[in-house]
Structures are given as structure tokens and as C-alpha cells.
Amino acid sequence: MDEVQNLKTDRRRRRPALSCVSCRRSKIRCDRNLPCGACVRSKHKTCVYEPQGPARHSDISSVSVGPLQPTDGVSSNDAETTGTSGLAFAHHVDGSHEEHSTHSLTGSTPVDSTSSQTHEPSFDVRSLLDRIRELERRLEERTDHHPGTKSIPRTPNAATEPIVATYPSYLAGELHTMNKSVMSKTRYLGQSHWMNQIGNFKCVLEIFDHHVRDKKSEPIVLINKAKALARTIKAQRTPELSFKFGTNIPSREIADKLVEGYLRTLESVIRVLHVPSFRKEYENFWSSPESVDLSFVIQLQLVMAIGSAVYDENFTMRKSAIQWVYEAQCWLISPVPKTRLTLTALQVMILLCFAQEAACVGPDLVWIPVGQVIRTAIFMGLHRDPKKLPNMNRFCAEMRRRLWNTILELALETSIDAGGPPRIHSEEYDTCAPSNYDDDQITNDDDPAEPKPPEKFTDMSIALALRNTFPARLAITRSLNDINAQNTYDETIRLHSQLSAAYKTLSQYLQKFVLTDRQPTGFQRRFVDLLVRRYFMALHIPYFGPAMTEPAYAFSRKTVVEMAAKLWSTVFPSAALNPRPRRPPPNDIGSAHINKDDLARFSLCSAGLFRSILSQASMVVGLELQHQLQEDDGLGPPTPRMDLLNILRDSTAWIFNRILIGETNIKGYMFTAGLLAQAEALMNSLKGAELEEAIVRAGCDAVRESFEVLKQRLESNVDEATTTTSDAQFNFDTMMAVDDDWEYDNSMQNVLFDFTSIESVLGVNPGAGSIMAPPDFSQW
């Protein structure tokens with residue numbers, strides 16, 4: 001009987017219904033228009049045609065109709081159906097006639113389900129498209145009558161509200177994570193900033209958080225004492241604000257070493273000065289200091305401030321470097337700002353940004369003054385190629401191109417460090433890349449000189465090679481830090497391929513000079529490698545955490561780990577095989593196991609990109625080791641990659657060495673010591689309370705060691721002091737006797753981990769405060 005009934009049903013519904021629903025129900029003739037004549041005459045508000053059979057995606061795959069935005073005149077059901085399928089037969093002028101519900105080609109809401117399920121008769125695609133166009137036209141007209149409901153163009157991600165996750169922490173305060181960013185206190189940090197990865201270490205931070213709640217616990221007491229010591233040490237380094245510029249120039253012998261330290265390192269890669277002109281002025285300064293312009297004195301002091309980071313193993317010139325940075329800041333904000341619109345003043349502004357990082361004076365906020373540098377350069381016309389400006393000699397034209405090239409590089413590097421958008425748009429400048437000239441080829445005269453061919457190594461070869469990778473690196477920075485960038489994994493792979501091609505071209509280009517008379521120095525090769533490889537790690541690191549549980553991102557996990565190991569080995573080549581001991585030999589404070597090469601000294605003494613690259617690399621290695629050991633399900637003890645374990649051990653010694661040579665923040669050492677202890681405990685198959693105890697014990701030992709170093713430094717500074725009138729000088733024994741009376745209040749909630757700057761977690765010295773120094777984020 002069922003088969004007979006189905007056969008009757010099939011026979012009854014074999015002819016497709018071509019009339020509209022209203023005409024079929026009224027049993028009147030339909031002219032099959034939209035709307036049909038009968039519905040127009042009877043003033044029906046809705047004219048609906050029944051869909052012809054179930055959805056046939058092959059028939060509509062070529063139809064591209066955008067989704068219709070719901071309005072007041074369309075019911076929520078209609079809006080949902082329209083937004084889902086993108087194709088609809090119904091056209092509602094208002095909310096009436098709800099019995100004629102919207103029908104999509106998917107067949108999800110047919111008028112007669114039996115009809116739609118049993119046959120697939122063909123239909124007229126042209127008629128369907130005409131109906132859709134009419135539907136969209138009328139809907140648009142209806143929307144135009146309601147300005148308050150008019151559709152607003154929006155990005156694909158705007159359909160859903162951004163999710164803000166707040167992680168309250170007794171130690172860190174509230175950390176707000178959003179799509180592609182985090183916000184801590186008043187700082188908004190884009191995806192390239194290291195803080196976006198801090199959530200991966202939540203288990204370690206929670207262990208410390210749990211054990212330091214007791215205000216009388218040893219870690220909290222020692223860290224508060226260490227904080228007091230650090231404030232005193234930094235206060236002793238702070239120069240008195242004065243407008244007596246150039247009064248702290250060292251002897252000629254020391255000055256020569258400082259200047260050469262800068263010229264052979266940073267200047268050889270990122271060009272700021274015309275070296276022959278600078279040397280000429282330098283000689284004039286020593287022969288007759290009164291004859292040189294004040295702007296050159298400021299420029300010379302900044303050059304020496306940067307060179308002081310590679311002067312010796314102990315950063316003995318730190319205090320002088322801080323003073324030179326202060327003086328440059330005072331000079332730039334002094335009256336008559338129009339006199340600063342010169343190439344020399346622009347060089348001072350650029351050098352000041354690098355000197356702030358070298359001397360650790362507000363290094364995390366350098367991205368802000370870089371914006372001023374960009375606007376100043378544009379105001380001076382450096383964004384236009386000299387060929388499109390009034391006639392000028394070759395020297396001025398090339399220097400303008402060089403400075404603009406350096407400003408682009410500076411803006412890009414500080415953007416990736418700070419997690420801010422690069423604010424560089426290729427359509428807003430047309431300045432060409434500098435020519436391949438040696439410095440002695442360009443002078444103030446108009447003698448003709450042709451640039452050397454690319455295969456000839458010159459003073460500009462490294463900068464030009466780095467410039468060729470600029471588009472790929474800029475695209476990655478935009479994808480990470482621009483809020484409207486559409487990040488997909490396919491786009492990430494595309495950017496990876498683009499950067500890989502640029503990096504390969506760069507490597508092949510520099511390798512051509514290996515057998516020539518003149519070739520890149522070791523510092524130039526390693527520094528360029530550091531600058532470019534960091535973008536591979538930055539590009540994939542957003543997928544690093546998810547890759548621990550999602551195999552689809554395995555390529556990103558592999559890339560991040562390998563790049564982190566290579567970046568570390570670029571600075572410390574022997575670390576993966578022979579890490580430095582965590583504790584130096586006795587009586588060797590300040591010089592134990594410190595690499596003597598320039599790149600290693602920059603990473604030990606300065607901040608900025610030198611510091612942030614290695615800090616992020618060590619965090620990556622620590623997290624990878626943790627997961628490797630936890631994923632090891634063998635019968636024996638878990639076995640990690642020994643090169644990664646050695647790098648983590650070396651990073652612990654690296655941070656402690658920074659404390660030995662003048663760093664005042666000890667929390668980074670405590671944090672990294674905890675990561676290393678966790679890895680070693682997992683290797684020994686420790687779990688639960690034993691694992692937690694090992695991490696806490698390592699953190700406490702790190703605090704004690706750091707505190708002793710700070711105490712020795714303060715005692716030596718007090719012995720050398722010539723006056724005790726400063727407020728920073730106080731009775732050391734009295735401060736050390738407050739063990740039983742040290743009170744803890746809410747203002748100390750960030751005493752261990754203040755996630756507002758890399759100084760707080762990873763041990764970078766913020767330097768003494770200045771008129772342009774960052775605000776004090778740690779009111780403890």
C-alpha cells in the first residue's frame with residue numbers, strides 16, 4: 001500500500017508548479033511574472049514562487065550574489081535564510097503575509113516538502129537571476145526608506161563582536177587578550193609583541209603566584225629589598241638636568257674607541273652618517289672644540305653612547321651613555337625648533353633612537369619618537385626623490401636617500417618590537433633606494449661619479465641588500481599588527497614563501513663577496529641574518545601555541561623552534577653545544593664567560609631589538625621543551641633535544657650576566673630559572689608537588705643570587721661616591737634590617753611580574769628616568 005500511495009503521489013506531483021503560491025491557492029491563472037499580474041491587481045504584498053526541486057549546487061555554483069543584510073522590513077527568519085544561502089525567492093515589503101516565508105535554493109524551507117524531495121525538474125536560471133535582482137532592488141529601496149537600518153559596509157570579521165578575555169593575576173594584574181593583541185594597563189600591544197605569548201606560560205606563573213601570596217615569604221621580602229636597591233642604583237646613574245652640553249666628553253683615547261665601536265657595528269649596516277665628513281668634524285673638535293657646531297657635539301655624544309655598548313665587557317660607560325642621551329633629548333626640545341630642520345638634526349633624532357636602546361633609556365617606547373622622526377623627514381621632503389625636488393648636489397641627494405632608507409628600517413624594526421603598526425605606506429613616498437656609492441665618492445662638489453656595479457662591495461652594499469627584503473618584511477609586520485589585516489593560514493604560508501625567496505636572494509648576493517678583496521665583516525653577516533630571520537619567527541609564532549594541540553600547524557611549530565635556535569646560535573655560536581655555566585666562578589663578577597664579539601656585547605649590554613629577539617627565542621625554546629617532555633610517552637625518562645636544553649641553560653646564564661654587568665631587574669632571571677627547573681624536573685619524571693617545589697626552589701635561588709649582586713654593586717657605588725647629600729643615598733644597614741617589618745599592600749601586586757614592559761619579565765634595565773623616559777609602570 002505504501003508503494004501504491006507513493007506512486008500516486010509521484011504521479012500527482014510530476015508536473016512542476018509554475019504559478020505563484022497565491023494564484024495556485026486561489027486557483028486563478030498566473031502570468032508568471034514577478035510580481036504576477038493577479039497579485040498586483042489584488043494588492044498582495046508578497047508574490048512567492050515555489051522552488052523547483054531540491055538544491056542543485058552545480059546549477060547555481062556560477063551565480064555570485066552577495067548576502068543581504070537584515071533590515072526592519074525583513075523578519076529574522078528571512079534574514080537568517082538570506083544570509084545563509086545568498087539566494088532567495090521571497091521579497092517582503094513589510095512584515096505582513098508571514099505565511100509566505102522565505103525560501104532558499106537549498107530547499108531547507110520548501111512550501112511542499114514532498115514535492116521538493118521526489119523530483120528534480122529543470123528550471124530557468126535566467127528567470128531565477130531576474131527574480132534575485134528584483135528582490136535585491138526592492139530590498140535596497142525598502143532599506144533606503146529607513147536610514148537608521150541602512151546597511152553599513154564592514155569587514156568580514158566585523159560580523160561578530162571581538163572577544164576580550166581577562167586573566168586576573170595576583171602578580172601580573174589584569175591582562176586583557178583580544179584578537180591579535182593584548183592590553184596591559186594603558187598599553188595596547190600588537191601581535192608581534194612578546195607579551196602575546198605570555199599566556200603559554202600560565203602554569204609556571206601560577207606556581208609562583210601561589211607561593212608568593214604570603215607577604216612574609218622569602219621571595220617577596222627579597223624582591224622588595226632588591227627593588228629598593230635597584231631604585232638607588234638607578235638614581236645614582238641619573239645625571240642632573242642641565243643645559244651645559246658637551247661637558248662630559250671622555251679622553252681622546254676612550255672617545256676614539258667609542259666612535260670606532262659605533263662605526264664598525266651599527267653604522268656599517270644601518271647608514272646614518274657620512275663617515276668622511278664625520279671624521280673631519282671629529283678632528284676639528286679635538287683641535288678646537290669651540291669651533292664646531294653644537295649639533296655636532298650632540299651627534300658625537302650619541303655616537304659614543306651607542307659605541308659604549310661594545311666598549312668593554314662590563315659596560316663601564318653606562319652612566320656616561322645615559323647622560324649623553326639626556327643631553328640629546330634636552331637639545332631637541334629646546335626653543336627655536338625650526339633650526340632643527342636640518343639633515344644634521346635629523347641624524348641626531350635617528351641616533352637618539354638607537355642610543356636609547358643602547359643605553360637602556362626607555363627602550364620599549366622608542367616606537368613613539370620614531371613617529372616624530374618620520375613626520376620630520378616628510379616635513380623636510382625626504383619622502384620625495386631628489387630628482388623631483390629643486391636642484392641639489394649629489395651629496396645632498398644621496399644623503400637624503402640614505403636617511404630615508406634608514407628611517408624606513410628604523411620604523412619597521414621598532415614596529416615589530418613594540419607590536420605597533422608600521423605606519424609606512426609605499427604610495428606615500430617615491431624616494432628611490434640609495435645608489436651603490438662608497439662614502440668617499442660623494443662629496444659636496446659636483447664632480448661626476450658613477451655608482452659602482454652591484455657586484456662590487458661598497459659602504460652601501462649591506463644596506464642595499466637589506467632594502468631588497470624590505471617589502472616582504474613590511475608585509476609580515478602589517479599582517480601581524482594592522483588591526484584590519486586578514487590573517488589566514490594560507491596567507492601566512494604565502495608570506496613565508498615570499499620572505500624565503502627574499503632571504504635566499506640576500507644570502508646568495510652576500511656570498512658572492514666571500515672570495516673578493518673586500519667582503520662583509522662577521523658582524524655585518526650575523527646582524528643582517530638576525531634582522532631577517534626574526535621575521536620568520538614573528539610570522540609563525542601566533543600559531544605556535546595552537547600547534548601544540550593542532551597538527552595542522554605543525555609547520556609553524558617547526559619553523560618557530562628552528563628559527564629560535566638559529567637566532568640564538570647567531571649571537572652565541574657555541575651555546576647549543578657548550579652553554580655557559582649558570583653561576584660564574586667566585587670573585588669574577590662582571591666579566592665571567594662573556595663573549596668578546598660585538599654582537600654578543602650588544603645583546604648583553606643594550607636593549608631594543610638585540611634584547612627582544614633573544615628574549616622571545618628563549619621563551620619559545622622553554623615552551624617547546626616543556627611540551628616535548630610532556631609528549632614523550634616512552635617507557636624510559638623523557639628525552640629532550642639537547643641543543644634546545646643547552647640554549648635554555650645558556651639563556652639563564654645570559655640574563656644573570658646582564659645583572660652582573662649592571663642590570664637591576666631580577667625578575668627575568670627568576671622567571672627563566674623557573675622554566676629551566678621545570679624542564680629539568682620533567683626530565684627526571686617529577687610530577688605534581690615535586691615539580692612545583694623544584695620550580696619554586698629554583699626561583700628562590702635566583703632571587704637570592706641576584707640580590708647579592710645588587711647589594712655588592714650598591715656597596716661599591718657608595719664607597720666611590722663623593723657626596724651623600726642625594727636623597728638616593730641612605731643607610732644600607734637600616735634598609736637591610738627591615739625583614740620583620742616589611743609590609744605588603746596592594747600596590748605591590750606586580751612585584752614579580754609587571755607585564756607592561758619586557759624589562760619586567762625578562763630583565764631589561766629601563767634606565768634612569770628622563771624628560772623623555774617612559775613613565776614608571778611599577779609603583780611598588
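Because the structure is a prediction, the values reported are computed rather than measured.
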Practice problem: Would you please test Glu705 and Val703 for side chain to side chain contact (heavy atoms under 4.5 Å, CB included) and show each step? | Solution: CA-CA 6 Å; Glu705 294 170 0; Val703 172; over 6 Å; no
[X] and [Y]: side chain donor to acceptor below 3.5 Å:
X: Asn405; Y: Arg271; value: no
X: Asn468; Y: Tyr509; value: no
X: Tyr669; Y: Thr652; value: no
X: Asp417; Y: Trp367; value: no
X: Asn436; Y: Thr458; value: yes
X: Ser556; Y: Tyr489; value: yes

Quiz prompt | Cationic N near anionic O, under 4.0 Å, Lys687 to Glu692 | solution = no
Practice problem: Give a yes or no on whether a salt bridge exists between Arg697 and Glu693, defined as a side-chain N under 4.0 angstrom from a carboxylate O. | Solution: yes
Self-check item: Nearest atoms (heavy-atom pairs only) where Ala411 meets Val370
Solution: CA-CG1, 3.7 Å
Quiz item: Phe527: what forms a ring pair (Phe, Tyr, Trp, His ring centres under 6.0 Å) with it, not counting sequence neighbours?
Solution: Phe523, Phe610
Exercise. Flag yes if more than 12 heavy atoms outside Arg641 fall under 6.0 Å of its CZ atom; otherwise flag no.
Key: yes
Self-check item: Residue pairs passing the salt bridge (charged side-chain N to carboxylate O under 4.0 Å, His left out) test where at least one lies in residues 500-514, sequence neighbours excluded
Solution: none
Exercise. Decide if the gap between the ring center of His540 and the ring center of Phe555 is smaller than 6.0 angstrom.
Key: yes
Quiz item: Less than 4.5 Å apart, any side-chain heavy atom of Leu682 and any of Pro638?
Solution: no
